[in-house]
Amino acid sequence: MAFVSNNTAYDISLFESEAPARELPYRKPRRAPQRTDRKGSPKGKTKAKIVVVPQRKIEQIRKRKHNPFKLAVGFAFSAVIIAVVSAIICGQVQLTELNQKIANAKDDLENMQSQYTQMKMNVDAKYTTAIVEEYAQNNLGMSKASNSQKEFVDLSDGDKAEITENSETGLFEKIADALSSLWS
């Protein structure tokens, strides 16, 4: 298609800042007539439903006031969420601190056990039976027991059981014995 030049005049006064702005009236768009069937409903296409909202209603929606009850509920819900999250964080911090204390206590226990084992080995090395025997013979004048010093116990007589009676009886026991001897 070739460029067609026409001499249409333009109204530039709409773009000038000195000129007052004009409001253009609202026009309904023109619709092409639709084909209908015998009952009067359109063929093939459904009729478009256009909802016209008044300008006053649009302004009310834009300038909507907030419901104080909803705001209070929102703030309360936010406070509860923050409190729960804070409690969880504090619990995790305490749990971490306790786990660190347990780890430190385990390290201390291992160190103490290794020191105990080391000291026990030192004592065992320092006080062997040979060293103790030598000290007892040289410094204390002790010697090993000989057969003449040993005493043997003979238990071939058998087992014996002795029953001892308590010779001291109380006043009430004497009265009870006297009464029982009367009846028998």
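Rounding to the nearest 0.5 Å gives a distance of 11.0 Å between CG of L182 and CG of D177. Interatomic distance, S86 OG to I81 CD1, rounded to the nearest 0.5 Å: 11.0 Å. A distance of 12.5 Å separates NZ of K57 from CD of E59, quoted to the nearest 0.5 Å. Taken to the nearest 0.5 Å, the CG atom of D108 stands 6.5 Å off from the CG atom of N104. The CG atom of L95 sits 13.0 Å away from the CD1 atom of I88 when rounded to the nearest 0.5 Å. Rounded to the nearest 0.5 Å, atoms CG (N99) and NZ (K101) are 11.5 Å apart.
The neighbour count for Q118 CD, taken as heavy atoms of other residues, nucleotides or ligands under 6.0 Å away, does not exceed 12.
No path of Ile, Leu, Val, Met, Phe, Trp and Tyr side chains, each step under 4.5 Å between heavy atoms, connects L140 with Y127, placing them in separate hydrophobic clusters.
With contacts defined as side-chain heavy-atom distances shorter than 4.5 Å, the pair K70/V73 does not qualify. With a 4.5 Å cut-off on side-chain heavy atoms, I89 and Q92 do not count as touching.
Applying side chain to side chain contact (heavy atoms under 4.5 Å, CB included) to Y116 and the options M112, M119, K120 leaves one that passes, K120.
Residues satisfying the side chain to side chain contact (heavy atoms under 4.5 Å, CB included) test with T96, not counting sequence neighbours, are none.
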